[in-house]
Amino acid sequence: TVACERFRDFGQRALGYAPAREGLDRVARLGDDPAEHLAALERERADADGPDQRFAIDLVLGERLEAAGHPDRAVERYRHALESRPQHPLARQALERALQAAKDHAALADLALADLKDAPDPQAKVAAYERLAFLDGELRGDANAALLGWESILEVDHAHHAAMRVLEKH
């Protein structure tokens, strides 16, 4: 837009002039151009005071990047968010969603294996094995590896109904 061009021009002439940059960011947030909006969020993240603010901006950036069709770049933003708040459930779900959209099955498997290794109780182990079985069976198409995952679930939880049903069919 014209306002964006004016603020950008003024900001380049007077580098570091905060009102010009704030005006550019305000106009970019209100505009329809997703690239300008992402650039405004990037500038806001660079100026963020604390880890909580950077965490929130990283989540928003990841969501915008996913919506713009850049799941690989969104993955990086979600990883940055998880660096400041490890195991945060929203950031973790967003990371897994972006990895699946980016078809990065190896990274999804690494997350599930890390969860399996760090599982504090049998329920957490079962959840990790379920994700691995889903990943192997549905996303990778490796039925044998998926069946091994379901068998592992039964070793941990002998009464797991879904695992019994899957193994019963095969």
Side-chain angles (χ1 to χ4, degrees), residues 25 28-29 33-167 169-170:
D25 291 345
R29 276 191 225 101
D33 187 6
E36 290 290 332
H37 192 263
L38 288 172
L41 286 170
E42 290 285 354
R43 288 188 295 271
E44 188 176 345
R45 187 192 186 284
D47 292 341
D49 292 331
D52 291 339
Q53 194 175 12
R54 280 191 296 278
F55 172 80
I57 294 170
D58 280 332
L59 283 180
V60 171
L61 272 167
E63 290 170 358
R64 302 292 169 141
L65 287 165
E66 270 187 281
H70 303 289
D72 50 338
R73 290 177 51 204
V75 164
E76 292 306 313
R77 286 296 157 199
Y78 294 137
R79 287 191 194 277
H80 286 303
L82 283 168
E83 286 174 6
S84 61
R85 287 193 187 171
Q87 301 303 323
H88 189 278
L90 290 177
R92 180 62 188 264
Q93 287 175 339
L95 175 63
E96 290 178 6
R97 184 183 62 238
L99 285 170
Q100 192 168 347
K103 299 189 184 331
D104 192 349
H105 302 147
L108 278 170
D110 289 343
L111 286 175
L113 288 171
D115 287 348
L116 182 62
K117 185 182 94 175
D118 299 336
D121 55 26
Q123 291 83 9
K125 283 186 179 188
V126 167
Y129 276 128
E130 285 175 340
R131 284 200 320 275
L132 283 169
F134 171 76
L135 178 64
D136 288 334
E138 297 295 325
L139 300 180
R140 289 183 176 167
D142 187 352
N144 291 331
L147 288 173
L148 287 174
W150 291 111
E151 289 173 3
S152 298
I153 290 171
L154 282 181
E155 289 176 11
V156 175
D157 181 3
H158 304 293
H160 193 275
H161 183 69
M164 284 190 259
R165 298 289 295 177
V166 168
L167 291 174
K169 290 179 183 178
H170 298 282

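Remember, predicted model here, so these are calculated numbers, not experimental data.
Among residue pairs with one or both ends in residues 84-140, those qualifying as ring pair (Phe, Tyr, Trp, His ring centres under 6.0 Å) are Phe55-His88; sequence neighbours excluded. Residues in residues 144-157 take part in no side chain to side chain donor-acceptor pair (under 3.5 Å) pair, two or more places apart or across chains.
Arg92 has a carboxylate O that lies under 4.0 Å from a charged side-chain N of Glu96, or vice versa, which qualifies the two as a salt bridge. With salt bridges taken as basic N to acidic carboxylate O contacts below 4.0 Å, one links Arg85 and Asp52.
Of the candidates Leu139, Leu113, Leu132, Leu108 forms a side chain to side chain contact (heavy atoms under 4.5 Å, CB included) with just one, namely Leu139.
Proximity of Asp104 to Val75: side-chain heavy atoms (C-beta onward) are nowhere separated by under 4.5 Å.
Between Ile153 and Glu130, the shortest heavy-atom contact is CD1-CG, 3.5 Å. Ala128 approaches Ala112 most closely through the heavy-atom pair CB-O, 3.7 Å. The two atoms that bring Pro51 and Ser84 nearest to each other are O-OG, 4.1 Å, heavy atoms only. Closest approach of Leu82 and Ala91 over heavy atoms only: CD2-CB, 3.7 Å. For the residue pair Ala109 and Arg140, the shortest heavy atom distance occurs at CB-NH2, 3.5 Å. Between Ala101 and Pro71 the shortest heavy-atom distance is CB-CB, 3.8 Å.
Not one N or O on the side chain of His70 forms a donor-acceptor pair closer than 3.5 Å with the backbone of Glu66.
The NE2 atom of His80 sits 6.5 Å away from the CG atom of Asp58 when rounded to the nearest 0.5 Å. In this structure, CG in Leu90 is found 12.5 Å from CG in Leu95, a value given to the nearest 0.5 Å. Within the model, atoms CD of Gln100 and CD of Glu138 stand 10.0 Å from one another, a figure rounded to the nearest 0.5 Å. Here the NZ-NZ distance, from Lys125 to Lys117, works out to 12.5 Å after rounding to the nearest 0.5 Å. Residue Leu59 holds its CG atom at 6.5 Å from CD of Glu63, rounded to the nearest 0.5 Å. With values rounded to the nearest 0.5 angstrom, Arg131 atom CZ is found 4.5 Å from Asp115 atom CG.
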> Taking it one step at a time, do Arg79 and Leu99 satisfy side chain to side chain contact (heavy atoms under 4.5 Å, CB included)?
Replying inline: CA-CA 11 Å; Arg79 287 191 194 277; Leu99 285 170; 4.0 Å; yes
> Checking side chain to side chain contact (heavy atoms under 4.5 Å, CB included) for the pair Glu83/Tyr78: CA distance, chi angles, key distance, verdict?
Replying inline: CA-CA 9 Å; Glu83 286 174 6; Tyr78 294 137; over 6 Å; no
